[in-house]
Amino acid sequence: VVSLSPSTTELLFAIGAGDRLVGRTRWCTDPPAALDVPSVGDGLNPNIELILSRRPDLVIFYHSPANASAIQQLTALDIPSLSVRLDRLEDLAPAARLLASLTEQAGVDALLEGFDAELTALPQRESGSTPRVLILAWDAPPIVIGGGSFLSELVRLAGGENAFADLAQPSAPVSIEAIVVRQPDLVLVVGDTEPVFASRSEWQAVTAIRDRRFVSVSGTEFSWPSLRSVEAVRRLRAALAEVS
């Protein structure tokens with residue numbers, strides 16, 4: 001298998017099929033054992049020659065229009081491929097079951113039941129105000145995370161509210177003016193340093209950015225949906241508590 005999505009790479013290891021991997025993207029860094037698998041480059045608009053060099057029986061893509069041409073090329077070469085949508089936590093179970101079926105792995109139901117039990121056991125948010133959190137995927141032009149992303153779910157489970165949760169897409173371009181209207185209380189920063197754009201003049205119209213109301217988290221559990229998302233919720237809950 002060549003996996004062109006960090007989520008599917010991690011899931012393959014989680015269900016016990018990591019030994020089937022012969023190729024991954026350079027972004028597939030978890031679990032650490034994935035780094036022993038040869039990289040074929042990027043997951044979007046991938047290098048077909050590198051994929052073919054791994055002689056795969058199956059190529060798994062992230063579901064995106066950007067991969068349509070690559071899938072067509074592999075189909076023409078009689079190399080099976082499929083697209084797996086993994087944007088929300090609810091996508092994990094069907095994706096895990098599909099991958100388990102394709103790789104003939106048992107025990108996936110018990111694994112998923114454990115994950116659901118951990119999510120259910122997470123403590124409920126204490127009474128009080130719910131901070132509105134801005135989640136920026138990009139700053140020029142501004143692209144925000146919408147309700148279709150697992151990051152929006154992590155914020156909700158951690159006791160916050162995504163300022164753009166009403167957008168159905170995982171992400172969408174917006175104007176700074178639209179962000180100002182939403183009046184976010186906090187800005188989620190995935191990383192250890194303050195974002196460079198926060199010092200630019202146009203962003204000072206967003207009060208939370210001007211006042212440096214940042215919630216900082218780090219780790220790939222915030223980069224894609226995975227069975228580690230339970231720990232991501234715990235860490236984000238603690239981070240929100242520090243600044244609220």
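Everything numeric here is computed off the predicted structure, so don't read it as measured data. Values below: every heavy atom of this structure, side chains too, minus hydrogens, waters and symmetry copies.
The main-chain N or O of G219 is never found under 3.5 Å from a side-chain atom of R235 such that the two would form a donor-acceptor pair. Under the 3.5 Å distance criterion, the side-chain polar atoms of D116 are left unmatched by any main-chain donor or acceptor of E113. The backbone N or O of L21 sits nowhere less than 3.5 Å from a side-chain atom of R54 that would complete a donor-acceptor pair. Listed for the R24 side chain is a donor-acceptor partner under 3.5 Å among the backbone atoms of A34. Remark: the backbone N or O of S226 is not paired with any side-chain donor or acceptor of E10 at under 3.5 angstrom.
By the side-chain hydrogen bond (donor to acceptor under 3.5 Å, both in side chains) test, T220 pairs with D30, R228, sequence neighbours left out.
At a threshold of 4.5 Å between non-hydrogen side-chain atoms, the residues S83 and N67 do not count as touching. Residues S5 and H63 are not in side-chain contact: their nearest non-hydrogen atoms beyond the backbone lie 4.5 Å or more apart. In this structure, W27 and D42 have side chains that are in contact, with non-hydrogen atoms separated by less than 4.5 Å. Counting only heavy atoms from C-beta outward, the side chains of R210 and T207 approach each other to under 4.5 Å. Between E118 and R234 the shortest side-chain heavy-atom distance falls below 4.5 Å. Side-chain atoms of S81 and F61, non-hydrogen and from C-beta on, do get closer than 4.5 Å to each other. Looking at heavy atoms from C-beta onward, W224 lies out of side-chain contact with T8 at the 4.5 angstrom threshold. Within the 4.5 Å cutoff, no side-chain heavy atoms of P6 are placed close to those of T29.
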Q. Given the rule in the side chain to side chain contact (heavy atoms under 4.5 Å, CB included) test, do L154 and L188 qualify, once you have shown the distances and angles that lead to the verdict?
A. CA-CA 11 Å; L154 295 187; L188 180 63; over 6 Å; no
Q.
What verdict does the side chain to side chain contact (heavy atoms under 4.5 Å, CB included) test give for T9 and V37, after you've listed the backbone C-alpha separation in whole Å, the side-chain angles of each residue and the deciding distance to 0.1 Å?
A. CA-CA 10 Å; T9 296; V37 179; over 6 Å; no
Q: List the steps, then state whether side chain to side chain contact (heavy atoms under 4.5 Å, CB included) holds for V180 with E177.
A: CA-CA 5 Å; V180 172; E177 290 76 16; 5.5 Å; no
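Listed by first and then second residue, the ring pair (Phe, Tyr, Trp, His ring centres under 6.0 Å) pairs involving residues 165-208 are F197-W203 (not counting sequence neighbours).
Closest of all the heavy-atom pairs between L35 and C28 is CD2-O, 4.2 Å. Annotation for L236 and A158: closest pair CG-CB, 3.8 Å, computed over non-hydrogen atoms.
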What donor-acceptor contacts under 3.5 angstrom involve side-chain atoms of residues 160-167, with partners at least two apart or in another chain?
from, atom 1, to, atom 2, distance (Å)
N162, OD1, F164, N, 3.0
N162, ND2, I145, O, 3.0
N162, ND2, S152, OG, 3.1
D166, OD1, R182, NH1, 2.7
D166, OD2, R182, NH2, 3.3

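With L98 as the partner, the side-chain contact (heavy atoms from CB on, under 4.5 Å) test is satisfied by one option alone out of T103, L82, L11: L82. Residue I79 forms a side-chain contact (heavy atoms from CB on, under 4.5 Å) with just one option from V59, V2, D57, and that option is V59.
In the displayed structure, E104 atom CD is contacted under 6.0 Å by at most 12 heavy atoms of other residues, nucleotides or ligands. Within a 6.0 Å sphere centred on CZ of R212, heavy atoms belonging to other residues, nucleotides or ligands number more than 12.
L58 and L52 fall into different hydrophobic clusters, where Ile, Leu, Val, Met, Phe, Trp and Tyr residues are linked whenever their side-chain heavy atoms come under 4.5 Å apart, directly or through other members. A continuous path of Ile, Leu, Val, Met, Phe, Trp and Tyr side chains, each step under 4.5 Å between heavy atoms, connects F222 with L157, placing both in one hydrophobic cluster.
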